[in-house]
Amino acid sequence: MIRSVLKGCGSALPANCVSNAALAERVDTSDEWIRERTGITQRYLAGEGETTGSLGTAAAQAALDDAGLTIADIDLIVLATATPDNTFPATATRIQHALGGKGFPAFDVAAVCSGFLYALGTADAMLRAGMAKRAIVIGAETFSRILDWEDRTTCVLFGDGAGAFVIEAQDVAEDGPGILATRLHAQGEHGDLLYVDGGPSTTGEVGKLRMKGREVFRHAVVNLAEVLGEVLDEAGFVPADIDWVVPHQANQRILDATAKKLGLSGDKLVVTVDQHANTSAASVPLAFDVAKRDGRIKPGDLVMLEAMGGGFTWGASLLRV
Ligand code: UT7
């Protein structure tokens, strides 16, 4: 059977690391509040010259290096982002050019924090349909540029960064590697709980992020536990079969509550929210890359990726590494 197999991964972070204490010097907050409510201790914020495109390019190049491939081997780029360099062209095309690629399709997917799951699901479907052979799938964001730095209920929660996978269509055995199942969902009725209050077709301005955090939290735990169950059922596994869960890194308390609901042991969770804060579409591939590089995620492992974000949108994907 044809499956999309992970060939390599990579990530990139801005140079500037900002601790909670440093943030508390310019925002009415405290290290203690941020740690207790979210688990976050620091975040990386893009500086001059660092953009979604530049971070995405660096992560994509790292993933190509990890795979032992070059851009000449690639025939598709899908970028998940809610903070593109420009309204258009798609930042994926800028990344294609920066990497030295030509001619093959490159486009952006907008599903905010669950964007990487949407991008991976789209690229996987295209690979299995024979529309491409090898894809770079990227999650890259510079949320610091859409934060209201006067709003302490949101600005302390987010960071910037990028992560990328290289996937390849391969004919594999039933118990072989690759993406085994993906489920994606959206529920537009909750759009006003997490959104940006601007855009090209409404205000003509970029706008700022707005969130009703408590309500998002409540929906996140329910939706994530449900979609994980759906993906496990589809692939024929139970929670105990999972080696690692790589969740969207929004809040340590959401990670703990979701794991508890599924009866999953906390030591199977890859957690980077403490180091990176919430990097939206970048968070899942960034966390995956950290755990792969430090040796936790190994070939043959069964890994669940999951995320939930603005829209609402949410999804999960089960991968045999
Ligand atoms: O990635 C997309 C998905 N996004 C999420 O998953 C975010 C989900 N939501 C959350 O993670 C949590 O709801 C938050 C971390 C955003 C907030 O935690 P909470 O425990 O729900 O706190 P809260 O909003 O109920 O606020 C509690 C108190 C309030 O004060 P009062 O009204 O009790 O006096 C806030 O004004 O904490 C206050 N507060 C702060 N204090 C210090 C809010 N933000 C801050 C802050 N520093 N940064």
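For ligands, and for the atoms within them, numbers begin at 1 and follow the listed sequence.
Heavy-atom proximity to Arg253, at under 4.0 Å, picks out these atoms of ligand 1: 18 (O), 20 (O). Close contacts between ligand 1 and Cys113 involve ligand atoms 1 (O), 2 (C) [criterion: under 4.0 Å to a heavy atom]. The contact set between ligand 1 and Val156, taken as ligand atoms under 4.0 Å from a residue heavy atom, comprises 48 (N). Residue Ile254 approaches ligand 1 through these ligand atoms, each under 4.0 Å from one of its heavy atoms: 6 (O), 8 (C). Taking every heavy atom of Asn251 and a limit of under 4.0 angstrom, the matching atoms of ligand 1 come to 10 (C), 11 (O), 12 (C), 15 (C). Of all the atoms in ligand 1, the ones that sit under 4.0 Å from a non-hydrogen atom of Arg37 are 19 (P), 20 (O), 22 (O), 27 (C). Heavy-atom contacts of Leu194 reach the following atoms of ligand 1: 2 (C) (cutoff under 4.0 Å). Under a 4.0 Å criterion applied to the non-hydrogen atoms of Thr29, ligand 1 contributes the atoms 42 (C), 46 (C), 47 (N), 48 (N).
Using a 4.0 Å cut-off between a side-chain N of Lys or Arg and a carboxylate O of Asp or Glu, Arg296 and Asp243 do not qualify as a salt bridge. Taking the charged nitrogens against the carboxylate oxygens, Glu234 and Arg183 do have a contact shorter than 4.0 Å, which makes a salt bridge. Classification of Lys133 and Asp75 as a salt-bridged pair fails, no side-chain N sitting under 4.0 Å from a carboxylate O. A salt bridge links Asp124 and Arg128; the closest N-O separation between the charged side-chain nitrogens and carboxylate oxygens is under 4.0 Å. No salt bridge links Lys208 with Asp197; every basic N to acidic carboxylate O contact stays at or beyond 4.0 Å.
Within the set Arg152, Gln249, Lys212, the minimum heavy-atom distance to atom 35 (C) of ligand 1 is found for Arg152. Nearest to atom 3 (C) of ligand 1 by heavy atom, out of Thr38, Val216, Thr279, Thr313, is Val216. Between atom 23 (P) of ligand 1 and the options Met308, Glu36, Glu32, Arg214, the minimum heavy-atom separation is to Arg214.
The residue Val27 has no part lying near ligand 1, judged by heavy-atom distances below 4.0 Å. If you look at Ala250 next to ligand 1, the close heavy atoms, those under 4.0 Å, all belong to the side chain.
Closest approach of Thr87 and Pro200 over heavy atoms only: CG2-CG, 3.7 Å. Pro247 and Leu269 get closest at one heavy-atom pair: CG-CD2, 4.3 Å.
Residues forming a ring pair (Phe, Tyr, Trp, His ring centres under 6.0 Å) with Phe288 (at least two apart in sequence, or on another chain): Phe165. For Thr91, there are no side chain to side chain donor-acceptor pair (under 3.5 Å) partners two or more places apart in sequence or in a different chain.
Asp301 places no side-chain N or O within donor-acceptor distance of the main-chain N or O of Val321, the cut-off being under 3.5 Å.
For a threshold of 3.5 Å applied to N or O pairs, the pair formed by Gly213 and ligand 1 contains at least one separation below that value. Of the polar atoms of Trp33, at least one N or O is found under 3.5 Å from an N or O of ligand 1, judged by distance alone.
Checking atom 13 (O) of ligand 1 against the protein gives a heavy-atom contact under 4.0 Å. When distances from atom 29 (C) of ligand 1 to the protein are checked, no heavy atom turns up under 4.0 Å.
Residue contacts with ligand 1 leave out Thr154, since none of its heavy atoms falls under 4.0 Å from the ligand.
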